[in-house]
Enquirer: 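Quick one: the structure is below, questions incoming.
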Amino acid sequence: MQNQFSGYRSANRNLCKPTVSLDVNNICNTEYESKSKHESKPKCESEMKHESKPKCESEMKYESKPKCESEMEYESKSKYESEMKYEGKHKCESKPKYESDMGYEDKTKYACNMGWPCNVKPMMKEKQDCLENMPIAMAYVPWQQWRDLYCAQDGYRRGTIFSELDLPFLAAEVCK
Amino acid sequence: MKNRQKEELLNLIGTIGFNMFDTVLFLDTHPENQEALAYYHKYHELQKQAVREYTTHFGPLSSDNVNDTNRWTWVETPWPWEMED
């Protein structure tokens, strides 16, 4: 267990590596599986109206109308899934981007690759389901390795010499 | 010129110190990691050199660095808030 606070020194010594380690693949796969819930989700109101409406001129207007929120979410998920297939799910070895360089989508992907269950909207139920098979009241922290160090100057500038710990600050998204 | 050198040296000492400190945190939980230990000792040596150089040219960085045995030089150099531009 890596802890950056020396106050936890003695506690850390007594902690073994987690008996159940975070399986990034498992988490990500579960995340994908949760997509099926979206598929069976009832359509939004605007969609229902659209379907029940007879084909007429007004229908044309509906077609050009922006998609409902649930639909958009589903589409972005599908896009994300297909991208992951090409890019590979293990990104732990790649150097993380600086937070300032990361767009909203990048942050989401990065969070998932790092095995974080909470990414885009952590308070959403489907995100929490990523951990549904894990025992409750247990915390899991992957063991830190001595690798991917920044050069001395970059480390000083970034606030950590470990590029793996140079993570995007996602609290801003949590508060939204 | 002298001020720039002083600033650069101070920045170097800060950089080295930070790298050492982050390594210390790692070593707290990985006390037998040889790579981290080697890294720490390398930077510790660099820090000693940099502080020695700074002390020689610009005076002591802390009271621990007062090397003159004849007089107390700690108060002779400007305080941080008295630093020249």
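The figures that follow rest on heavy atoms only: side chains count, while hydrogens, waters and symmetry mates do not. Proteins come first, then strands; the chains are lettered A, B, ... in the order of their sequence lines, and each starts at number 1. Quantities reported herein were computed from a predicted structural model and do not represent experimental measurements.
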Enquirer: Which answer fits Asn33(B), side chain, backbone, both or neither, if we ask what part of it has an atom under 4.5 Å from a heavy atom of chain A?
Expert: side chain
Enquirer: What residue among Phe26(B), Tyr39(B), Phe21(B), Tyr43(B) forms side chain to side chain contact (heavy atoms under 4.5 Å, CB included) with Ile161(A)?
Expert: Tyr39(B)
Enquirer: Take atom CD of Glu7(B) as the centre, draw a 6.0 Å sphere, and report whether it contains more than 12 heavy atoms from other residues, nucleotides or ligands.
Expert: no
Enquirer: Donor-acceptor check, side chain of His30(B) to backbone of Gln144(A), threshold 3.5 angstrom: yes or no?
Expert: yes
Enquirer: Where do Phe18(B) and Thr160(A) come nearest, in terms of heavy atoms and distance?
Expert: CZ-N, 3.6 Å
Enquirer: For the residue pair Arg157(A) and Thr15(B), establish whether any side-chain heavy-atom pair is separated by less than 4.5 Å.
Expert: no
Enquirer: For the CD1 atom of Ile16(B) and the OH atom of Tyr156(A), what is their distance to the nearest 0.5 Å?
Expert: 10.5 Å
Enquirer: Near Glu32(B) CD, under 6.0 Å, is it more than 12 heavy atoms from other residues, nucleotides or ligands?
Expert: no
Enquirer: Kindly indicate whether the side chain of Tyr150(A), heavy atoms from C-beta on, has any atom under 4.5 Å from the side chain of Asp22(B).
Expert: no
